[in-house]
Amino acid sequence: MGGVLRSSARMKPLVCIMFLTSIAWTQQQMPEPHACKKDAAYNKLDFWVGDWDVFEKNEKGEWEKAGTDLVEKVLDGCAVIENWKSTGGFEGKSLFYYRPVQKDWKQVWVTDTGPMKEKSLILELPDGGIRFQGELAKRSGGTYLDRTTLTPLAGGKVHQVIEISLDNGKTWKIGFDAEYRRK
């Protein structure tokens, strides 16, 4: 028993040093306050931030209200949250976040019906638009590609197109083609 107590007494300084080293390392890894606001990479989705009425073309080619979308920067500018509500009562939320070490953007989309999508920013378009894409599982097995393109338009509007590909990107089918208009 005496050996255990002596061994334990010798371990206390080592544990204390390890703890203090861990705290110092953690503080060095933490970004400075307001770091996201100071880094232009976090501004990639700024053109989409806002309170929107969203319109989709119907079969006649006329704009029809599809829903509303509140897109806001949160956590001191470190992330973007999308709050979608369709006119039919369907809801969805996205979390967009930038990973500074990898220098990339990610999206996680969840709905009130359960499906979830995870996408990555894969393309920055010359007109200021961006494209997120991910590989999603089919309920019947296998996968398909899902991509979302957001493009700023004149007058502060935004064009959003969501497409899927069942043949690994050879062809794409539009599932949602909408225009965002500020409320």
Side-chain angles (χ1 to χ4, degrees), residues 31-100 102-137 144-165 172-183:
E32 64 180 80
H34 312 294
C36 301
K37 287 184 176 180
K38 295 176 183 176
D39 186 342
Y42 288 90
N43 299 333
K44 188 72 60 194
L45 294 169
D46 282 4
F47 70 90
W48 193 35
V49 171
D51 197 2
W52 305 95
D53 284 321
V54 182
F55 295 85
E56 185 176 22
K57 284 192 179 174
N58 61 23
E59 300 84 36
K60 298 177 187 176
E62 301 165 336
W63 289 109
E64 190 173 275
K65 189 168 181 180
T68 60
D69 207 4
L70 175 62
V71 181
E72 52 193 338
K73 285 182 109 167
V74 295
L75 301 172
D76 207 24
C78 293
V80 174
I81 297 220
E82 173 191 17
N83 301 281
W84 165 257
K85 289 185 183 181
S86 76
T87 54
F90 168 81
E91 289 188 49
K93 293 194 182 291
S94 279
L95 172 66
F96 293 85
Y97 58 96
Y98 180 68
R99 301 185 314 164
Q102 295 86 348
K103 298 192 182 316
D104 66 1
W105 275 89
K106 297 288 186 179
Q107 174 196 12
V108 177
W109 165 257
V110 181
T111 71
D112 58 355
T113 59
M116 185 179 91
K117 300 178 184 182
E118 293 182 18
K119 300 180 189 180
S120 299
L121 179 67
I122 62 159
L123 182 64
E124 295 181 39
L125 302 164
D127 58 7
I130 55 175
R131 178 172 291 152
F132 283 83
Q133 183 172 305
E135 186 176 274
L136 307 174
Y144 67 96
L145 295 176
D146 182 283
R147 71 182 184 189
T148 300
T149 305
L150 294 162
T151 308
L153 301 175
K157 297 177 183 176
V158 173
H159 183 213
Q160 181 185 55
V161 178
I162 301 174
E163 303 167 282
I164 64 165
S165 175
W172 292 90
K173 181 179 179 189
I174 295 176
F176 188 68
D177 187 353
E179 184 175 273
Y180 282 60
R181 301 175 188 168
R182 293 190 189 276
K183 287 186 176 183

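Below, each value reflects all heavy atoms present in this structure, side chains not excepted, and no hydrogens, waters or symmetry copies.
- The CH2 atom of Trp172 sits 4.0 Å away from the CD atom of Gln133 when rounded to the nearest 0.5 Å.
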Practice prompt. Decide yes or no on side chain to side chain contact (heavy atoms under 4.5 Å, CB included) for Trp84 and Val54, but give the supporting numbers first.
Written response: CA-CA 9 Å; Trp84 165 257; Val54 182; 3.6 Å; yes

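- A distance-only check finds no donor-acceptor pair linking the side chain of Asp51 to the backbone of Lys183 [under 3.5 Å].
- To the nearest 0.5 Å, atoms CG (Leu145) and CD (Glu163) are separated by 11.0 Å.
- Around atom NZ of Lys73, more than 12 heavy atoms belonging to other residues, nucleotides or ligands sit under 6.0 Å away.
- Taken to the nearest 0.5 Å, the CG atom of Leu121 stands 8.0 Å off from the CG atom of Leu45.
- The closest side-chain heavy-atom distance from Val110 to Lys93 is not below 4.5 Å.
- Between Gly89 and Asp112, the closest heavy-atom pair is O-OD2, 3.8 Å.
- Interatomic distance, Thr151 OG1 to Arg131 CZ, rounded to the nearest 0.5 Å: 8.0 Å.
- Counting only heavy atoms from C-beta outward, the side chains of Phe176 and Thr148 never approach each other to under 4.5 Å.
- Looking at Trp63 and Lys57, their side chains come closer than 4.5 Å, going by heavy atoms from C-beta outward.
- One distance of note links CD1 of Ile164 with CG of Leu136; it measures 9.5 Å at 0.5 Å rounding.
- Separation of atoms CG (Leu95) and CD (Glu82) is listed at 11.0 Å; rounding is to 0.5 Å.
- Between Tyr42 and Tyr98, the two ring planes are perpendicular [angle over 60°; tilted spans 30° to 60°].
- For Tyr180 and Trp52, the ring centers are positioned less than 6.0 Å apart.
- Taking the six-membered ring where the residue is Trp, the centroids of Phe96 and Trp48 are separated by under 6.0 Å.
- Between Asp104 and Lys106 the shortest heavy-atom distance is OD2-CE, 3.8 Å.
- The salt bridge (Lys or Arg N to Asp or Glu O under 4.0 Å) with Asp53 is formed by just one residue from the set Lys65, Lys157, Arg182, Arg181; it is Lys65.
- Residues Glu72 and Leu70 meet the side-chain proximity criterion, which asks for heavy atoms closer than 4.5 Å.
- Judged by distance alone, with hydrogens and angles left aside, the side-chain atoms of Trp105 form a donor-acceptor pair with the main-chain N or O of Ala41 at under 3.5 Å.
- Side-chain contact between Thr149 and Leu125: present, with at least one pair of heavy atoms (C-beta onward) separated by less than 4.5 Å.
- The two atoms that bring Trp109 and Gln107 nearest to each other are CB-NE2, 3.9 Å, heavy atoms only.
- With contacts defined as side-chain heavy-atom distances shorter than 4.5 Å, the pair Asp127/His159 does not qualify.
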